[in-house]
Amino acid sequence: ALFKAKAHQKARLGVDFTEASKAVTSVGEVRVEQSVAFVGGAIWDCSRLLCDVLRVPATWRVLELGCGTGVLGIACRLRGASVISTDGSEEALALARRNARQNNCDLDLRRLRWGIDHLDDDEEKTFDLIVGSDCLYDDDAIPALLKTIVAMANPATVVVLAYKRRLDDREAPFFDDLTNYFESVAFTDPNDLPDKWQTSGIYLCRIAKKKITGRTSRTS
């Protein structure tokens, strides 16, 4: 199973502002430098949740979309997985590189602008897991995110997205569109999450079994 549950604790907001204001913080075994200069420079709770619950086999190839500080990719790499962490922001990539070095982690970091950039032909569609943390906050970027997920996934790929529920009118069509491309689009019951996250408004979506063909209203 990709997810695990824990005992009840106090729920968090979309971001822990006390932790986000710290120049350096830790998530589990990963020590992370943060920056208030750009949105992805702090660790958002979706990343903290995924670091807490995601269990990735050491044999898996992982693609992270929107790595920000790099904390999730570093955590997966330190646990043995082969990871490519990506972001469209050069600022984020520079910060993630510093954090990878500080954690003695050989994390593969790449610039990947959703809907624009590509990986090498021999790398795309080779991933066991595609993961993203709080990627639905920008309405303008959602169609490009969908395009990138579809381009990078193969029929055996599992996609796990942690997102903060904010505007259903914005988010629901994205998940509806995913069903045009994937046989399985399922949400983890909040009661199955560690209890500190159960009332946080953060959801985990597990997407799998990519179809051979598909159409979408947002990218057609």
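The basis for the numbers below is simple: all heavy atoms, side chains too, and nothing from hydrogens, waters or symmetry mates.
- Residues Y181 and I207 fail the side-chain proximity criterion, which asks for heavy atoms closer than 4.5 Å.
- Here the closest non-hydrogen pair linking V83 and D108 is O-CB, 3.4 Å.
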Would C205 and V185 satisfy side chain to side chain contact (heavy atoms under 4.5 Å, CB included), going step by step from the backbone distance to the final call? CA-CA 7 Å; C205 183; V185 178; 3.7 Å; yes
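- The distance from atom CG of L63 to atom SG of C76, rounded to the nearest 0.5 Å, is 11.0 Å.
- Side chain of K210 to main chain of A156: no donor-acceptor pair is present (N/O by atom type, distance under 3.5 Å, no hydrogens or angles).
- At a threshold of 4.5 Å between non-hydrogen side-chain atoms, the residues R165 and I202 do not count as touching.
- A donor-acceptor pair under 3.5 Å links the side-chain atoms of T86 to the main chain of E64, judged by distance alone.
- Shortest non-hydrogen contact noted between C67 and L93 is SG-CD2, 4.3 Å.
- Taking all atoms of both residues into account, the shortest heavy-atom contact from T148 to G115 is OG1-N, 2.8 Å.
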Stepwise side chain to side chain contact (heavy atoms under 4.5 Å, CB included) check, D177 with N180: CA-CA 5 Å; D177 282 343; N180 293 324; 3.7 Å; yes
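- A donor-acceptor pair is defined here as one N or O able to donate and one able to accept, closer than 3.5 Å; such a pair exists between the side chain of D189 and the backbone of N191.
- Residues L49 and W44 fail the side-chain proximity criterion, which asks for heavy atoms closer than 4.5 Å.
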Assess the residue pair R110 and D117 against the criterion (salt bridge (charged side-chain N to carboxylate O under 4.0 Å, His left out)); give the C-alpha distance rounded to whole Å, side-chain angles, the decisive distance to 0.1 Å, and a yes or no. CA-CA 10 Å; R110 314 273 188 93; D117 296 326; over 6 Å; no
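- Residues Y137 and L65 do not share a hydrophobic cluster, clusters being chains of Ile/Leu/Val/Met/Phe/Trp/Tyr side chains in contact below 4.5 Å.
- Salt-bridge formation is not detected for the pair E33/R101: no Lys NZ or Arg NE/NH1/NH2 atom is positioned less than 4.0 Å from an Asp or Glu carboxylate oxygen.
- L161 contributes atom CG, which lies 11.5 Å from atom CD of E171 (distance to the nearest 0.5 angstrom).
- S26 places no side-chain N or O within donor-acceptor distance of the main-chain N or O of G28, the cut-off being under 3.5 Å.
- Taking 4.5 Å as the limit, every side-chain heavy atom of M152 sits out of range of all side-chain heavy atoms of E123.
- More than 12 heavy atoms of other shown residues, nucleotides or ligands fall within 6.0 angstrom of atom CG in D120.
- Using bins of under 30°, 30° to 60° and over 60° for the plane-to-plane angle, the ring pair F187/F175 lands in the perpendicular bin.
- The two residues L129 and V160 have their closest heavy-atom pair at CD1-CG2, 3.8 Å.
- Pairs passing the salt bridge (Lys or Arg N to Asp or Glu O under 4.0 Å) check and including a residue from residues 154-163, sequence neighbours excluded, do not occur.
- A donor-acceptor pair is defined here as one N or O able to donate and one able to accept, closer than 3.5 Å; no such pair exists between the side chain of W60 and the backbone of G80.
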For V131 and V159, what are the C-alpha separation, side-chain angles and deciding distance, and is it a side chain to side chain contact (heavy atoms under 4.5 Å, CB included)? CA-CA 6 Å; V131 64; V159 183; over 6 Å; no
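- Note: N99 CG to Q34 CD = 8.5 Å, rounded to the nearest 0.5 Å.
- Residue pairs meeting the salt bridge (Lys or Arg N to Asp or Glu O under 4.0 Å) criterion with at least one partner in residues 66-84, sequence neighbours excluded, are E29-R79, R77-D106.
- A distance of 13.0 Å separates NZ of K164 from CG of L136, quoted to the nearest 0.5 Å.
- Distance alone, capped at 3.5 Å, is enough to place a donor-acceptor pair between the S21 side chain and the T18 backbone.
- Contacts of S82 classified as side chain to side chain contact (heavy atoms under 4.5 Å, CB included), with partners at least two apart in sequence or in another chain: R61.
- Here E91 contributes atom CD and F38 contributes atom CZ; the two are 5.5 Å apart, rounded to the nearest 0.5 Å.
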Mind running side chain to side chain contact (heavy atoms under 4.5 Å, CB included) on T188 and L193 for me, showing each step along the way? CA-CA 8 Å; T188 300; L193 297 177; 3.9 Å; yes
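- One side chain, N154 or T157, offers a donor N or O that lies under 3.5 Å from an acceptor on the other.
- Between the OG1 atom of T69 and the CZ atom of R98 there is a distance of 11.0 Å, given to the nearest 0.5 Å.
- A side-chain donor-acceptor contact under 3.5 Å links K211 to the backbone of T179.
- When the side chains of ILVMFWY residues are joined at heavy-atom separations under 4.5 Å, either directly or via intervening members, L107 and L95 end up in two distinct hydrophobic clusters.
- Using a cutoff of 4.0 Å between basic side-chain nitrogens and carboxylate oxygens, R166 and D134 are scored as salt-bridged.
- Between C135 and W114 the shortest side-chain heavy-atom distance falls below 4.5 Å.
- The two residues S133 and L50 have their closest heavy-atom pair at OG-CD1, 3.3 Å.
- Minimum interatomic distance between D87 and G68 (heavy atoms only, all atoms of both residues): OD2-N, 2.9 Å.
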